[in-house]
Amino acid sequence: MTNIAIFASGNGSNAENIVNYFTSHEDINIAMIISNRPNAYVHERANKLNIPSYTYNKNDFGSGTDILKKMAEHEIGFIVLAGFLLKVPQSIMDAFPNRIINIHPALLPKYGGKGMYGDNVHNSVKNAGEIETGITIHYINENYDEGDIIFQAKCNVLSSDTALDIANKVQTLEQIHFPKIIEETVRKNLKNIPKY
Ligand code: GAR
C-alpha cells in the first residue's frame, strides 16, 4: 500500500475529489491532509471524509522537521500538492525525491511562479487575451512551478469568458484528470517508494 499526504491551503475541492477517487483503492490510500491555514475549508472536508488533517505554521514549513515526523507516523510514501500556497521546504523535498507532485491551473510555463495562484492566474489569462488555457501536473523542484511536467490538458477561452468562467473550465479538467494522473504516477514510481 502507498500512503499519500495531500498538502492544501484553501477550499480543498481537489483534495475531496482525490479522497473519493481512492476510497477502497487496492494499492493507494489517502492517509492525511496537511495545511498551513487552520481555517481552510479543506479541514471541514477532511472531517466529513474521516481523513486526519493537521495545520502547521510558517516556521514548521520553514524547517519541515515536525511535518516529516508526522508523515512518518502515517507511513507516507508520496505527497500531492492540491492548491498549496507555500514553498515545500528542502528537507521534505530531500526526503521525497521525485515523489511530490503539484497541480497548476494553467499551461506552464505560462502563468506560473510566485503569486500565481487561483484567480490571479485566471485573470492574467483573461487579460492576455489567450484563446486556450488548462492544467499542468508536474513534479516540484526548488522553484515555483518549474519541475518536470507530467501531464497537461487544455480548454478553450472565449472572449466573453469571465475569470470565473475560466476557473470553472479549469476546475472541471482538474476533477477529471488529477486523480488518474496521481494513480499513474505512483504506479510508475513504485520502486522508489519505501514500503512500510
Ligand atoms: C486549484 O485550481 C489548483 O490548481 C490551484 O489552486 C486551486 C485550489 O482549489 N493551485 C494553484 O494555483 C497553485 N499555484 P481547491 O482548494 O478547491 O482544490
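Counting convention: from 1, in listed order, for ligands and their atoms alike.
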Going by the order shown, which atoms of ligand 1 are within less than 4.0 Å of some heavy atom of [X]?
{"X": "G83", "value": "6 (O), 8 (C), 10 (N)"}
{"X": "N11", "value": "16 (O), 17 (O)"}
{"X": "G118", "value": "12 (O)"}

_Plane angle bin for F151 and H177 - parallel if under 30°, tilted between 30 and 60°, otherwise perpendicular_ =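 Tilted.
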_Which label fits F61 and F84: parallel for a plane angle under 30°, tilted from 30 to 60°, or perpendicular past 60°?_
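The arrangement is tilted - the two ring planes meet at 30° to 60°.
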*Closest approach of H43 and S53, non-hydrogen atoms and distance?*
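So the minimum-distance heavy-atom pair works out to ND1-OG, 2.9 Å.
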*Nearest heavy-atom pair of T23 and V19: which atoms, and what distance?*
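Smallest interatomic distance, heavy atoms only, reads OG1-O, 3.0 Å.
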*asked:* Check contact between G12 and ligand 1, using heavy atoms of the residue and a distance below 4.0 angstrom.
replied: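 The answer is yes: ligand 1 sits under 4.0 Å from a heavy atom of G12.
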*asked:* So is I103 touching ligand 1 or not, going by heavy atoms under 4.0 Å?
replied: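 I103 counts as a contact of ligand 1 under the 4.0 Å cut-off.
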Identify the protein heavy atom lying closest to [atom], giving its residue, its atom name and the separation to 0.1 Å.
{"atom": "atom 4 (O) of ligand 1", "value": "E174 OE2, 2.4 Å"}
{"atom": "atom 17 (O) of ligand 1", "value": "S13 OG, 2.6 Å"}
{"atom": "atom 9 (O) of ligand 1", "value": "N14 ND2, 4.0 Å"}

*Please determine if D27 and R187 form a salt bridge, counting it only when a charged side-chain N lies under 4.0 Å from a carboxylate O.*
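Yes.
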*asked:* Please check whether M116 reaches ligand 1 - meaning an N/O of the residue sits under 3.5 Å from an N/O of the ligand, judged on distance alone.
replied: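 In this structure, M116 places an N or O atom under 3.5 Å from an N or O of ligand 1.
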_Run the side-chain contact (heavy atoms from CB on, under 4.5 Å) test against L107 and tell me which residues pass, sequence neighbours left out._
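In terms of side-chain contact (heavy atoms from CB on, under 4.5 Å), with neighbours along the sequence ignored, L107 is linked to E132, Q152, K154.
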_Exam field: side chain R99 to backbone V186, donor-acceptor pair closer than 3.5 Å_ =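 The answer is no, because no donor-acceptor pair under 3.5 Å joins these two groups.
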